[in-house]
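For reference, the structure discussed in these notes is given below.
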There are 2 protein chains.
Amino acid sequence: MSDESLLDRIRELVLSGAYAPGDPLSEIFLAQQFAVSRTPVRESLKQLERESLIEIKPKVGTFVREPTKREIVELFQLKEGLEGLAAGLMARRGRTAHLEFLEQNVRASEAAAIARDSGRYAQLVHEFHWGLVNGSDNSKLIEHYRLLMNQLAFHRLVLKTVENPKRIAVSSGEHRQVLQMIQDKDHFGAEAAMRNHVYASARELLGGSREAPEG
Amino acid sequence: MSDESLLDRIRELVLSGAYAPGDPLSEIFLAQQFAVSRTPVRESLKQLERESLIEIKPKVGTFVREPTKREIVELFQLKEGLEGLAAGLMARRGRTAHLEFLEQNVRASEAAAIARDSGRYAQLVHEFHWGLVNGSDNSKLIEHYRLLMNQLAFHRLVLKTVENPKRIAVSSGEHRQVLQMIQDKDHFGAEAAMRNHVYASARELLGGSREAPEG
DNA sequence: TTACAGTCTCTAGTATGCAACAGACTTTTG
DNA sequence: CAAAAGTCTGTTGCATACTAGAGACTGTAA
């Protein structure tokens with residue numbers, strides 16, 4: 001088994017939610033599970049620790065991490081910054097293919113919003129945000145965003161937003177607004193609209209705390 | 001030797017510029033150098049590969065990475081976004097201690113600019129940018145910024161800007177401007193001023209290419 | 001009963017040996 | 001001379017044995 005593949009498999013295992021925060025992740029157990037020795041498992045765990053998904057306590061064990069409320073707020077602040085940046089970049093240099101993808105995505109989510117299909121809407125929201133970041137055409141931004149989103153996805157802090165039916169209609173409108181700005185090549189407006197959208201979503205999710213990211 | 005310490009030591013070795021892009025970094029050699037076995041060295045190298053500082057070619061060897069021009073542009077785009085975000089956050093919630101640090105730093109760099117002491121000015125610029133990011137009080141932002149700056153520092157793409165004497169005076173004024181906005185709690189203005197500053201610096205460094213980050 | 005000391009077990013941390021492969025070099029053959 | 005086959009060396013990839021420490025458990029003494 002290639003090492004990258006093993007890392008991905010263990011990461012997926014952790015992200016899947018099969019383990020609750022605090023659960024131990026024994027090297028020996030994982031090695032048996034994936035039919036390899038401890039060495040490659042260990043390398044993967046070290047990487048996942050750097051991604052803040054797990055915590056390795058020396059000589060004690062490896063455990064699924066428990067995020068603090070503060071960390072979650074910080075992650076959303078960063079999310080707002082990165083997605084805003086992506087929207088601006090896409091407005092400036094976005095490729096036609098990426099634009100068309102977003103256009104189709106927004107149309108589909110508007111339909112899902114009307115149909116009250118929150119499951120499908122959640123999936124489309126996910127694809128909208130990723131499509132926007134990919135559309136920035138900046139591999140470094142994409143990589144940093146991936147690390148960020150792994151932490152949020154891991155703690156199941158994404159997609160919860162759209163469980164509120166009232167929010168769906170508003171959110172859908174915000175997506176449309178961002179798309180419009182990008183199509184108009186208004187990079188300043190696109191960034192502002194995207195940040196506003198991320199801020200609003202985070203505020204909804206975090207309960208409108210004053211600590212939510214700026215708008 | 002603790003593993004984290006070994007990682008830091010090898011990272012410093014790479015960042016120090018002792019190796020040119022393309023130079024090999026043998027596991028065995030490093031193990032002898034630091035008087036440990038290949039295993040912990042190998043873990044550290046894997047991590048440095050994830051930080052984009054080196055490249056591990058399976059069954060061939062490990063080499064210091066050569067960045068593409070495109071990657072450098074992407075890194076500066078991200079730098080602009082992250083530092084802008086930090087400026088905005090600091091304007092909103094910056095602690096007094098951080099503000100005083102920046103105030104002192106700007107005064108010192110204004111003095112260094114007048115004295116034409118470009119060595120000292122370069123150091124102060126470095127501290128200004130880091131002080132600002134630390135002042136954001138967002139550990140996730142700080143961590144992502146650290147990864148970003150390691151890549152830039154590694155390729156010696158920081159501090160070059162201030163080699164141009166004409167730029168120093170302008171740059172110093174931009175620092176003062178950012179500080180003023182933060183002191184005025186104008187988070188929108190602070191972010192814009194900081195992004196403008198980063199953009200201008202990057203443009204100077206990258207030769208005013210159209211591909212430079214947006215302002 | 002409680003506190004403490006000793007032990008025991010489980011964990012990660014490290015060293016090392018072998019396997020597998022890439023790439024350079026050498027030899028052979030047309 | 002050229003090209004191809006073969007060999008040889010150096011590298012990482014992985015498995016495994018051993019080390020060492022943390023923490024739980026137990027027995028004993030006050």
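Computed from a prediction, not measured in an experiment: that's the story for all the values here. Protein chains get the first letters and strands the later ones, always in sequence-line order, with residue 1 at the start of each.
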Quick test: give all pairs of protein nitrogen or oxygen and nucleotides 19-25 of chain C nitrogen or oxygen below 3.5 Å, distance rounded to 0.1 Å.
none

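- Atom CD of A/Q32 is separated from atom P of D/dC14 by 18 Å (rounded to the nearest Å).
- Checked against ring-ring contact (aromatic ring centres under 6.0 Å, His included), A/H144 has the following partners two or more places apart in sequence or in another chain: B/H144.
- Note on the helix from C/dT1-D/dA30 to C/dG30-D/dC1: angle between the axes of the first and last five pairs equals 0°, rounded to 10 degrees.
- Between A/E49 and A/R65 no salt bridge is recorded (no basic side-chain N to carboxylate O distance below 4.0 Å).
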Using distance only, find each side-chain donor-acceptor pair of residues 17-26 of chain B under 3.5 Å and give its atom names and separation, not counting sequence neighbours.
| residue | atom | partner | partner atom | Å |
| --- | --- | --- | --- | --- |
| B/D23 | OD2 | B/A20 | N | 3.0 |
| B/S26 | OG | B/I28 | N | 3.1 |
| B/S26 | OG | B/F29 | N | 3.0 |

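- A salt bridge links A/R70 and B/D137; the closest N-O separation between the charged side-chain nitrogens and carboxylate oxygens is under 4.0 Å.
- A salt bridge links B/E80 with B/R195; the closest basic N to acidic carboxylate O contact falls under 4.0 Å.
- A salt bridge is defined here as a Lys NZ or Arg NE, NH1 or NH2 lying under 4.0 Å from an Asp or Glu carboxylate O, and A/E143 with A/R146 meets this definition.
- When rounded to the nearest whole Å, the span between CZ of B/R38 and P of D/dC14 equals 11 Å.
- Side-chain atoms of B/T62 stay outside donor-acceptor range of the base of D/dT11, with no qualifying N/O pair under 3.5 Å.
- In this structure, CD1 of B/I56 is placed 21 Å from P of D/dG10, rounded to the nearest angstrom.
- Between the CD atom of A/E27 and the P atom of D/dC18 there is a distance of 18 Å, given to the nearest Å.
- Contact check for A/Y121 versus A/S171: side-chain heavy atoms found under the 4.5 Å cut-off.
- Set against C/dT14, D/dT16, C/dA12, the side chain of A/S26 has C/dA12 as its closest nucleotide.
- In this structure, CG of A/L25 is placed 19 Å from P of C/dC10, rounded to the nearest angstrom.
- With sequence neighbours excluded, no residue forms a side chain to side chain donor-acceptor pair (under 3.5 Å) with A/N105.
- Residue pairs meeting the side chain to side chain donor-acceptor pair (under 3.5 Å) criterion with at least one member in residues 28-38 of chain B, sequence neighbours excluded, are B/E27-B/R38.
- In this structure, A/F63 atom CZ and C/dC10 atom P are separated by 15 Å, rounded to whole Å.
- Atoms NZ (B/K57) and P (D/dT12) sit 13 Å apart, rounded to a whole Å.
- Distances were taken from every side-chain heavy atom of B/S37 (C-beta onward) to each of C/dA15, D/dA17, D/dA15; the shortest belongs to C/dA15.
- In this structure, the CD atom of A/E43 is 12 Å from the C1' atom of D/dA15, given to the nearest Å.
- Of the candidates C/dG13, D/dT12, C/dT14, the closest approach to any side-chain atom of B/I28 belongs to D/dT12.
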